[in-house]
Amino acid sequence: MPVGHFCGSKGANVLKMQIQKQVTAWMQEHREEIVRDIFRLVRIPSISNLGSGVEPFGQPCRDVLDEMLQIGREQGFHTKNYEYRCGALWLEGTEEDAENSIGFWGHLDVVPPGNNWEYSPFEPFEKDGWLIGRGVEDNKGSTVAVLYLIRCLQELGITGKYPLRLFVGCDEERGMEDVTWFAKNHPCPKISIVVDSSFPVCYGEKGIIETTLKAAEPFSEEVISMQGGLASNIVPDVAEICVRRSERVQNALTLLPKELEVVEEEEFLRITARGKAGHTAFPEGSVNAIERLIKGVLYAELLPDADAEKLFFMAQAAQDCYGRGLHITCKDELSGDLTCVGSMCGMDDSRRPWLHFNIRYPITADAGWLEEQIRNAGAAWGFAPEQLEVNGPNYFPKENPAVEILSRAYADITGDNTEPFVMGGGTYARKLPRAFAYGPGFPGEEKNPPMVQPGHGGAHGPDEALSLESLFRAAEIIAVGIAGLEEADW
């Protein structure tokens, strides 16, 4: 079916409905294959790891890219492996046609599973229309769905002047070195659509600062160990400190908040705090276990003054999710408030404590000013940045016709006129030219998988879940949007 006069014609809505119905029927017909191939990827624990000794991001990431390209070949796609950093899959044209293509982007790496799963994170299953497993939503499910959608559009004849291709990466959750490398060494598409966000078009992303503030002086011998958090972009749900047993410590135990768990060993006490995991880009509603642990230990006056001073700064710095403790609170009309999460903590080999921060700052904020404030806040308490990385914001012009076309496709199908938006999350769009995010999530969508407990099911939390109904509806929207892009000049 040729695209025809899609935009502005009297029959445009009829054509959109035809596309929607055809895509729905096609995706439902291939439902079992789609679920099967999502699970093939989810079973691989593809956590990016630069220190594994297997270049570039560890053996599991190599394995998952191999599997994805194999899935593509089974579907009739041409494939290309770019040094195990990225992969490309396409049906029309050649590798050299990438610059004139509409490119979809997804990632195959995942965050660590974390704690409190009811099910095994890498043994996915389907029940009541839901998929459960690490990566089903972020981002393996939508990546496989896009692969099938490209095949669907090809078979239905919903094609135009811009060939479609899918790019996949293996380092999105850790540092995006995959697409940074790709963009420097290979031609990028005419336009890049990252299917790793929410509808309608996300045309802007906040900047990201990652920094680890470390104390100049070590803890005393009273502190045996301290650790918390699994990854920079996850609000930590567990943190613990081990302190040497003494009469003072024993007497102070009665003052510890009841939500802290205490295990008494022969020579030390292990004190554990539990929180609620979440994504650091959207920390509201989560509970930071590091903050809870440190405040509890300080309240009980468990440690000597010199140790308590270090913990006091760490508690101040992580006191909320808006950066008050580092004196970096700011906002703009375009992207809202800065967010700041103390997401990991520990001690180095010299017993010096450190706290890592994941900061999402407004598009118009001055990154240089933020860096200076962070350094000054740490210096006042004897802490300094061990590393400080700035990942600038992304902004795709809202006035570009592509934004209107894709947003209209979403509105026509859902009846929801939510405006294109800017978010705190980070996607590949910030590393690519002419890029923005589009779906597959829906504004205000609540996840209530019947087989998991409340609070579970989120992308970076335990028992990550994906609704097939939602995923297939997203495919309909993307298909209608692509049909519009194929006809328009943008």
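None of the values given here were measured: they were computed from a predicted structure.
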**Prompt:** Taking C-beta and beyond as the side chain, do Asp97 and Tyr162 meet within less than 4.5 Å on heavy atoms?
**Reply:** no
**Prompt:** Which distance, rounded to the nearest 0.5 Å, do you find between the CG of Leu131 and the CD of Glu126?
**Reply:** 5.5 Å
**Prompt:** With under 30° as parallel and over 60° as perpendicular, where do the rings of Phe199 and Phe442 fit, or are they tilted in between?
**Reply:** tilted
**Geometric cation-pi criterion, Lys398 with Phe396: 6.0 Å, 45°** = no
**Prompt:** Do you see a donor-acceptor pair shorter than 3.5 Å between the side chains of Thr339 and Arg360?
**Reply:** no
**Test item: Gln75 side-chain N/O and Tyr148 main-chain N/O as donor-acceptor pair under 3.5 Å** = no
**Item:** Check: Trp354 and Glu386 side chains under 4.5 Å, non-hydrogen atoms
**Value:** no
**For Gly141 against Leu466, the heavy-atom pair lying closest together** = CA-CD2, 4.0 Å
**Request:** With side-chain contact (heavy atoms from CB on, under 4.5 Å) as the test, would you mind laying out the steps for Phe357 and Ile209 before giving the verdict?
**Result:** CA-CA 8 Å; Phe357 294 90; Ile209 294 177; over 6 Å; no
**Request:** Report yes or no: does Tyr438 contribute a side-chain atom to a donor-acceptor pair with the main-chain N or O of Leu406 at less than 3.5 Å?
**Result:** yes
**Asked** Quick one: do the Tyr82 and Asn185 side chains pair a donor with an acceptor below 3.5 Å?
**Response** no
**Asked** Is there a donor-acceptor contact under 3.5 Å linking the side chains of Asn233 and Asn358?
**Response** no
**Non-hydrogen side-chain atoms of Asp196 and Glu172 separated by less than 4.5 Å** = yes
Indicate every side-chain donor-acceptor pair of residues 163-170 with a distance under 3.5 Å to a residue at least two apart or in another chain.
unit_1 : atom_1 : unit_2 : atom_2 : d
Arg165 : NH2    : Thr94  : O      : 2.8

**Request:** Taking the side chain as every heavy atom from C-beta outward, state whether Lys206 and Met423 have any atom pair closer than 4.5 Å.
**Result:** no
**Salt-bridge criterion met for Asp348 and Lys214 (N-O under 4.0 Å)** = yes
**Message:** If I compare all heavy atoms of Pro420 with all of Val403, which pair ends up nearest, and what's the gap?
**Reply:** CG-CG1, 3.8 Å
**Item:** Check: Pro236 main-chain N/O paired with Asn288 side-chain donor or acceptor under 3.5 Å
**Value:** no
**Message:** When you measure from the side chain of Asp463 to the backbone of His456, do you find a donor-acceptor pair of N or O atoms at a distance under 3.5 Å?
**Reply:** no
**Item:** Heavy-atom pair of closest approach, residues Ala483 and Ile158
**Value:** CB-CG2, 4.1 Å
**Complete:** Pro187 and Ala98 have their tightest heavy-atom pair at O-CB, 4.3 Å
**Message:** Check this for me: does any side-chain nitrogen of one of Glu137 and Lys140 sit under 4.0 Å from a carboxylate oxygen of the other?
**Reply:** no
**Asked** Counting only heavy atoms not in Gln387, do more than 12 fall under 6.0 Å of its CD?
**Response** yes
**Prompt:** Do Asp138 and Glu464 have side chains that get closer than 4.5 Å, going by heavy atoms?
**Reply:** yes
**Message:** Determine whether Arg408 and Asp412 satisfy the following criterion, salt bridge (charged side-chain N to carboxylate O under 4.0 Å, His left out), listing intermediate values before the conclusion.
**Reply:** CA-CA 6 Å; Arg408 178 49 50 195; Asp412 287 346; 3.6 Å; yes
**Message:** To the nearest 0.5 Å, what is the distance between CD1 on Ile477 and CZ on Phe472?
**Reply:** 14.0 Å
**Request:** State whether the number of non-hydrogen atoms from other residues, nucleotides or ligands found under 6.0 Å of Glu33 atom CD is greater than 12.
**Result:** yes
**Request:** Apply the test side-chain contact (heavy atoms from CB on, under 4.5 Å) to residues Thr414 and Arg473: give CA-CA distance (whole Å), side-chain angles for both, the deciding distance (0.1 Å), then the verdict.
**Result:** CA-CA 9 Å; Thr414 64; Arg473 196 178 189 209; 3.8 Å; yes
**Request:** Supply the atom-to-atom distance Ser232 OG to His356 NE2, rounded to the nearest 0.5 angstrom.
**Result:** 3.0 Å
**Request:** Give the ring-plane orientation class for Trp90 versus His78, where under 30° counts as parallel, over 60° as perpendicular and anything between as tilted.
**Result:** tilted
**Asked** Does the Arg134 side chain pair with the main chain of Pro45, one donor and one acceptor, at a distance under 3.5 Å?
**Response** no
**Message:** Checking Phe104 against Ile478 for the side-chain contact (heavy atoms from CB on, under 4.5 Å) test, could you report, in this order, the C-alpha distance in whole Å, the side-chain angles of both residues, the deciding distance, and whether it holds?
**Reply:** CA-CA 11 Å; Phe104 292 100; Ile478 294 169; 3.8 Å; yes
**Item:** Distance under 6.0 Å and angle within 45° of ring axis: Arg62 vs Tyr84
**Value:** yes
**Prompt:** Do any N or O atoms from the side chain of Arg434 and from the backbone of Lys190 form a donor-acceptor pair under 3.5 angstrom?
**Reply:** yes
**Beyond-backbone contact of Thr143 with Leu108, side-chain heavy atoms, under 4.5 angstrom** = yes
**Request:** Compare all side-chain heavy atoms of Arg40 with those of Gln70 and state whether any distance is below 4.5 angstrom.
**Result:** yes
**Prompt:** Is a donor on one side and an acceptor on the other found under 3.5 Å between the side chain of Ser286 and the backbone of Pro283?
**Reply:** yes
**Message:** Are more than 12 heavy atoms, taken from residues, nucleotides or ligands other than Glu74, located less than 6.0 Å from that residue's CD atom?
**Reply:** yes
**Arg430 side chain near Asn391 side chain, heavy-atom distance below 4.5 Å** = yes
**Request:** Drop me the distance from Phe57's CZ to Glu173's CD, to the nearest 0.5 angstrom.
**Result:** 13.0 Å
**Message:** With a sphere of 6.0 Å drawn around CD of Glu445, does it hold more than 12 non-hydrogen atoms of other residues, nucleotides or ligands?
**Reply:** yes
**Item:** Distance-only donor-acceptor check, side chains Gln154 and Arg151, under 3.5 Å
**Value:** no
**Request:** Would you give the length of the straight line joining atom CG of Asp66 to atom CG of Asn81, rounded to the nearest 0.5 angstrom?
**Result:** 6.5 Å
**Prompt:** Considering the options Val42, Val144, Val35, which one meets the side chain to side chain contact (heavy atoms under 4.5 Å, CB included) requirement together with Val136?
**Reply:** Val42
**Message:** When you compare the side chains of Asp109 and Ser48, does any donor N or O come within less than 3.5 Å of an acceptor on the partner?
**Reply:** no
**Request:** State whether the side chain of Ser52 and the backbone N or O of Val54 hold a donor-acceptor pair below 3.5 Å, judged by distance alone.
**Result:** yes
**Prompt:** Going from OG1 on Thr211 to CG on Leu213, what distance comes out if it is rounded to the nearest 0.5 angstrom?
**Reply:** 4.5 Å
**Prompt:** Arg73 and Phe77: side-chain contact (heavy atoms from CB on, under 4.5 Å), yes or no, with the steps?
**Reply:** CA-CA 5 Å; Arg73 287 189 290 270; Phe77 283 74; over 6 Å; no
**Closest heavy-atom pair and its distance - Ile328, Leu338** = O-CD1, 3.4 Å
**Message:** One pair to check against ring-ring contact (aromatic ring centres under 6.0 Å, His included): Tyr203 and Phe421. What are the steps and the verdict?
**Reply:** CA-CA 6 Å; Tyr203 64 92; Phe421 65 99; 7.8 Å; no
**Prompt:** If only atom types and distance count, is the side chain of Ser335 paired as donor or acceptor with the main-chain N or O of Ile363 below 3.5 Å?
**Reply:** yes
**Message:** For Ile234 versus Ala277, what's the shortest heavy-atom pair and its separation?
**Reply:** CG2-CB, 4.2 Å
**Item:** Heavy-atom neighbours of Lys161 NZ exceed 12 at 6.0 Å
**Value:** yes
**Prompt:** Side chains of Trp105 and Ser192: donor-acceptor distance under 3.5 Å anywhere?
**Reply:** yes
